[in-house]
Amino acid sequence: MNWTLEVVIVPVSDVDRAKAFYADQLGFAVDHDTVISEDARIVQLTPPGSGCSIVIGTGVVPEMPPGSLKGLQLVVPDLKRAHAELVERGVQVSDIQVVGQNPRQVPDPLDNVGFVFFADPDGNTWGVQQISSRA
C-alpha cells in the first residue's frame, strides 16, 4: 500500500500576503481559494511538478504560530537555475551551499548535496535540494 503525503499546513499571519508570495514569487499553482465564511478561508497551492500541496488559511486550519514551520524541503533537478529563478522573482534566498559529501559518484557535483534556503514573509523556512538523478 502506498502512503502519500498530499498536504502540509503552513501557518501564516496574512493569507493574502502569503498567497502572493507562494503564487507570484515561488510560482506555486493556486489550486483553490475558498472562503467558507467571514472567519474561515482555505487556500491550497502546489509547487510545479509536486504531488504534495500546501494549505494556508484561517478558521478551519490547525492553529499554529505563524512562522513556526521550519525545514520544509523542495527538490529540483537544476539548483543553479532554481536559484536564479528565485532571485529573479525577488525571493531573498541564500547562496548555493554544499552540505556534506556524496556517498557515490553522481553526474553533477551538486546532486544530493547542493542546497539553497529561504523563508516566507512569516518566517516559515524552506530548503531547496538538487537531485537530478536517483539511484
Tell me, please, which residues at least two apart from Ser37 pass side chain to side chain donor-acceptor pair (under 3.5 Å).
-> none
Pair listing, ring pair (Phe, Tyr, Trp, His ring centres under 6.0 Å) test, anchored in residues 72-115, at least two apart = Phe115-Phe117
With sequence neighbours excluded, tell me which residues meet ring pair (Phe, Tyr, Trp, His ring centres under 6.0 Å) with Phe21.
-> none
Under the side chain to side chain donor-acceptor pair (under 3.5 Å) test, which residues partner Thr46, sequence neighbours left out?
-> Asp31, Ser53
Taken in chain and number order and not counting sequence neighbours, the residues that satisfy side-chain contact (heavy atoms from CB on, under 4.5 Å) with Pro107 are Asp111, Ser133
Under the salt bridge (Lys or Arg N to Asp or Glu O under 4.0 Å) test, which residues partner Arg89, sequence neighbours left out?
-> none
So side chain to side chain donor-acceptor pair (under 3.5 Å) across residues 7-21, not counting sequence neighbours, yields Ser13-Arg17, Ser13-Asp122, Asp16-Arg41, Arg17-Asp122, Lys19-Asp33
Tell me, please, which residues at least two apart from Asp120 pass side chain to side chain donor-acceptor pair (under 3.5 Å).
-> Tyr22, Asn124
Who pairs with Gln129 by side chain to side chain donor-acceptor pair (under 3.5 Å), at least two apart in sequence or on another chain?
-> Gln73
Could I get the full list of salt bridge (Lys or Arg N to Asp or Glu O under 4.0 Å) partners for Glu85, not counting sequence neighbours?
-> Arg81
Apart from Val60 itself, its cluster of hydrophobic side chains linked below 4.5 Å comprises Val7, Ile9, Ile36, Ile42, Val55, Val61, Met64
side-chain contact (heavy atoms from CB on, under 4.5 Å) partners for Lys70, two or more places apart | Thr125
So CG of Leu5 and SG of Cys52: to nearest 0.5 Å the spacing works out to 4.0 Å
